[in-house]
Q: 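Supplied in structure tokens, the structure appears directly below.
Every number for a ligand or one of its atoms is a count from 1 in the order of the listing.
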Amino acid sequence: MRTAIVTLANVAEPVVRQLKALLPEARVYGRVGRVDWCDEHFKLASVLLPSLYREGVTIVAVCSSGIAVRCLGPVLADKHLEPPVLSVASDGSSVVPLIGGHRGANALARQLADHLGAHAAITTAADVTLGVALDEPLPGYRLATPEHYPNAVSRLLAGETLCDGSDAPPVVGEGVNTLPQGGDALSIRVTASNLDSEPGCLHYAPQCHVLGVGCERGCDPDELVELVTSSLKSADISPASIAAVVSLDLKSDEPAVHELAARLGVPARFFDAPTLARERARLANPSDVVESEVGVPGVAEGAALAAVGADGHLAMEKCKSARATCAVAARAEGVFDAVSFGQPRGSLHLIGTGPGQADWRLPAVDRVLAECTDLVAYGYYVDLLGAAAANKTVHSFSLGEEELRSRRALELAAEGKTVGLVCSGDPGVYAMGALVFELVERGGVDAWRRVEIVTTPGITALQAASARIGAAIGHDFCAISLSDLLTPWVVIEKRLEAAAMGDFVVAFYNPVSKKRDWQLPKAREILLSGRPASTPVVLARQLGRAEESVTTTTLGELDSTQVDMFTVVLVGSSQSRAIPRGDGGEWVYTPRGYNRKAGVEL
Ligand code: SAH
């Protein structure tokens, strides 16, 4: 989960630095003009805090509780969101969990207070009065009846007592043993079996089971979910006792398996065929048919047994529906307080950083980056990401090693990692996106096809250039790369002729490089065949970066020695206009035809 530390004044810097030391992944937002040390500046807390909240970011606001509450007031009504929100006094003396007490805010407040030597102002009634958070069991346990929690807590708070709380192992921390006992209305039960649940019973399930599944390609998720639900019921196994869903790696891109894991709220993990084959002797229902199809005699039982290890055992033999199977294995003893077996489905995020500056990057990019374990990129792009790329394993490549970079990203994702392949601008525009899909198509590596690939777009250079200069792409436009390294020049020339004939606004990517200097003059000549020498041209260099420059000229005067590989060149259509602006420069825009509608000549 992403965390933001928000600070309004320089006096809080020592506290902010201490918080950042404890939460190195957190992004520090500082009020512009008031705070020097931060990752990103903001103008208005009343804009920043609601937007972080809506994105589900954990907020640690180093300011008064009053400021934080007022800023968040308008968005608090939506109870579905509720990420943890805390305020911290600017001298570090108090930490107040404001929102989401039982979604991590109380726990985080205690952690921060310990670190700062401060007081955690916990006000949640159950925690304070009962001394225990009954809805936050220890890792390895789950509350199987969360619907009974509010009723049980209010009854405890009203003075009712537990009947057999003292018998329960400390699934919610030692505090449970201090709850008042002696009554007969409320109970805590800890069992991996199903309970006929009554409102007065809090049922905690130890996560000691692993659910193995198999299914045919394209199996309806509902079929698998129904099979699992009815099988667990017959075997008297509580769904809350399932720690993970496991299967064969060939199924790692099977929607039904992921849907099932999501509905159970547990991770999905996968094993390769040799690992499952080693379970042959322990299978209760080996199948020759399955073996001939996928190379192992049992997927559901084999995967469940592989997960629980040599001293675990089958707790539910294979059950079948028309297209799916499931089985459950149990640990010899104890619970899974973390899932360390098998491999997750890897994912590859094609990430566009936009041209450079951080606030031209989609918020979704930061969210995705927070999830990535590994980044694959040309080093400069990682530098552009700044703090957002901190604490990742970075695999740097030089410019020109595009295929190596894309292969490496796919390999890492196929190993189960969450990989970000970072591109400037948009990852699909003259960047690595297309190459990744090309490698998937021609690569001959099956595991690459099973990787989850997600593209997060970015502002491409032509949009940034048009925005800086006005509205140069206000009417039909096209992009042409002048690099003939991969595309034969005859093809490029044909497109130039077509663009000239179609009177498109044209954006030239890769216009010039040290070795390629004649293409831009040639392109200019071709475009001049279809539009006047006075056509406005925009040279936009290093957009969004410290060295940015945006200048205008005309097609007649376009001098390719003023252009380099960090420049995108926008050539107007015959309709594009350059108009003076107050500061002595020019706006360039391409009219859409409203003037004709209004009967006005431009
Ligand atoms: N994926 C990138 C394009 C990569 S191709 C995007 O969507 O923007 C590289 C070319 O893009 C450069 O030669 C230049 O023409 C253009 N370009 C990329 N970033 C730029 C920037 N910040 N300023 C100006 N041009 C840029």
Side-chain angles (χ1 to χ4, degrees), residues 349-362 364-365 375-386 397-403 405-406 409 420-438 455-470 472-473 477-487 492 495-496 499 505-521 523-524 537-553 558 560-571 588:
H349 289 278
L350 304 172
I351 299 175
T353 63
Q357 71 202 58
D359 60 357
W360 274 14
R361 187 161 81 220
L362 280 188
V365 166
L375 296 182
V376 176
Y378 165 51
Y380 178 60
Y381 299 157
V382 178
D383 296 344
L384 283 180
L385 288 174
F397 289 81
S398 17
L399 211 57
E401 294 180 319
E402 281 85 9
E403 185 156 342
R405 247 185 283 171
S406 305
L421 180 56
V422 182
C423 306
S424 88
D426 183 90
V429 177
Y430 306 120
M432 238 84 73
L435 180 52
V436 163
F437 291 106
E438 183 183 322
T455 303
T456 306
I459 294 175
T460 186
L462 79 87
Q463 287 172 289
S466 176
R468 282 284 196 254
I469 202 64
I473 53 171
F477 62 94
C478 66
I480 299 178
S481 167
L482 292 184
S483 170
D484 56 356
L485 293 176
L486 299 169
T487 309
I492 299 174
R495 296 203 175 131
L496 288 165
V505 175
V506 186
F508 290 132
Y509 283 70
N510 304 305
V512 169
S513 78
K514 285 188 195 112
K515 289 190 207 130
R516 291 185 299 101
D517 56 3
W518 56 265
Q519 287 86 346
L520 182 60
R524 167 184 169 274
V537 170
V538 183
L539 307 180
R541 183 169 191 281
Q542 296 277 37
L543 290 157
R545 304 170 190 168
E547 312 86 327
E548 172 174 312
S549 79
V550 180
T551 55
T552 53
T553 178
L558 172 58
S560 64
T561 65
Q562 301 298 304
V563 177
D564 64 9
M565 64 187 285
F566 301 109
T567 310
V568 64
V569 178
L570 292 187
V571 180
V588 174

Q: What heavy-atom pair brings R405 and V376 nearest, and what distance separates the two atoms?
A: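 Scanning both residues, the minimum pair turns out to be O-CG1, 3.5 Å.
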
Q: Looking only at protein heavy atoms, which one is nearest to atom 11 (O) of ligand 1, and what is the separation?
A: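 Result: Y509 CD2, 3.3 Å.
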
Q: Give the numbers and elements of all ligand 1 atoms closer than 4.0 Å to a heavy atom of R545.
A: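 Taking each heavy atom of R545 in turn, ligand 1 has 19 (N), 22 (N) under 4.0 Å.
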
Q: Do D564 and T567 pair up side chain to side chain, a donor and an acceptor below 3.5 Å, judged on atom types alone?
A: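 The criterion, which ignores hydrogens and geometry beyond distance, is satisfied for T567 and D564.
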
Q: One pair to check against side chain to side chain contact (heavy atoms under 4.5 Å, CB included): R541 and E548. What are the steps and the verdict?
A: CA-CA 6 Å; R541 183 169 191 281; E548 172 174 312; over 6 Å; no

Q: Where is the nearest protein heavy atom to atom 20 (C) of ligand 1: which residue, which atom, and how far?
A: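 Scanning the protein heavy atoms, the shortest distance from atom 20 (C) of ligand 1 goes to A461 CB, 4.0 Å.
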
Q: Just to confirm my output: which protein heavy-atom neighbour is closest to atom 21 (C) of ligand 1, and how far is it?
A: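 For atom 21 (C) of ligand 1, the nearest protein heavy atom is L543 N, 3.5 Å.
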
Q: Show the atoms of ligand 1 that are less than 4.0 angstrom away from any heavy atom in T460.
A: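 What qualifies from ligand 1 is 6 (C), 7 (O), 8 (O).
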
Q: If we set the cut-off at 4.0 Å for heavy atoms, which region of A431 has an atom near ligand 1: side chain, backbone, both, or neither?
A: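 Side chain only.
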
Q: Which atom names give the shortest non-hydrogen contact between P355 and A464, and what distance separates them?
A: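 Taking every non-hydrogen atom into account, CG-CB, 3.6 Å.
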
Q: Is ligand 1 under 4.0 Å from a heavy atom in the side chain of V569, in the backbone, in both, or in neither?
A: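 Near ligand 1, V569 shows nothing, with every heavy atom at 4.0 Å or more.
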
Q: At less than 4.0 angstrom from any non-hydrogen atom of M565, what atoms of ligand 1 do you find?
A: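 Ligand 1 atoms under the 4.0 Å threshold to M565: 12 (C), 13 (O), 14 (C).
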
Q: Would you mind listing which atoms of ligand 1 come within a distance below 4.0 Å of any non-hydrogen atom of G425?
A: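 Result: 6 (C), 7 (O), 8 (O).
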
Q: Relative to ligand 1, is Q542 under 4.0 angstrom through side chain, backbone, both or neither, heavy atoms considered?
A: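 The backbone, only.
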
Q: Pick one of side chain, backbone, both or neither for how A540 approaches ligand 1, counting any non-hydrogen atom pair under 4.0 Å.
A: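 Only the backbone of A540 comes within reach of ligand 1.
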
Q: Quick one: closest heavy-atom pair of Q463 and G458, and the distance?
A: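 Closest approach of Q463 to G458, heavy atoms only: OE1-O, 4.2 Å.
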
Q: Which residue and non-hydrogen atom of the protein lie closest to atom 24 (C) of ligand 1, and at what distance in Å?
A: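 Minimum-distance protein heavy atom for atom 24 (C) of ligand 1 reads F566 O, 3.1 Å.
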
Q: Going by the atom numbers of ligand 1, which of them fall below 4.0 Å from some non-hydrogen atom of P511?
A: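 Near P511, the atoms of ligand 1 are 15 (O).
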
Q: Among all protein heavy atoms, pick out the one at the shortest distance from atom 3 (C) of ligand 1; state its residue, atom name and that distance to 0.1 Å.
A: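 Looking only at protein heavy atoms, the one closest to atom 3 (C) of ligand 1 is V429 O, 3.5 Å.
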
Q: So which heavy atom in the protein is nearest atom 2 (C) of ligand 1, and how far is it from that ligand atom?
A: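 Sorting protein heavy atoms by distance from atom 2 (C) of ligand 1 puts S424 O, 3.3 Å first.
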
Q: Please list, in number order, the atoms of ligand 1 under 4.0 Å from a heavy atom of V568.
A: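 Selected atoms, number and element: 15 (O), 24 (C), 25 (N).
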
Q: Please find the pair of heavy atoms, one from P457 and one from L362, that lie closest to each other, and give the distance.
A: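 For P457 versus L362, the nearest heavy atoms are O-CD1, 3.5 Å.
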
Q: Return the closest protein heavy atom for atom 10 (C) of ligand 1 as residue, atom name and distance.
A: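 Checked against all protein heavy atoms, atom 10 (C) of ligand 1 sits closest to N510 OD1, 3.5 Å.
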
Q: Of all residues at least two apart in sequence or in a different chain, which pass the ring pair (Phe, Tyr, Trp, His ring centres under 6.0 Å) check with Y509?
A: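 For Y509, the residues satisfying ring pair (Phe, Tyr, Trp, His ring centres under 6.0 Å) (neighbours in sequence not counted) are Y430.
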
Q: Go through ligand 1 atom by atom and flag the ones less than 4.0 Å from a non-hydrogen atom of T567.
A: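 Atoms satisfying the 4.0 Å criterion: 14 (C), 15 (O), 25 (N).
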
Q: For Y430, take its heavy atoms, then give the atoms of ligand 1 lying under 4.0 Å from any of them.
A: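 In order of number, 4 (C), 5 (S).
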
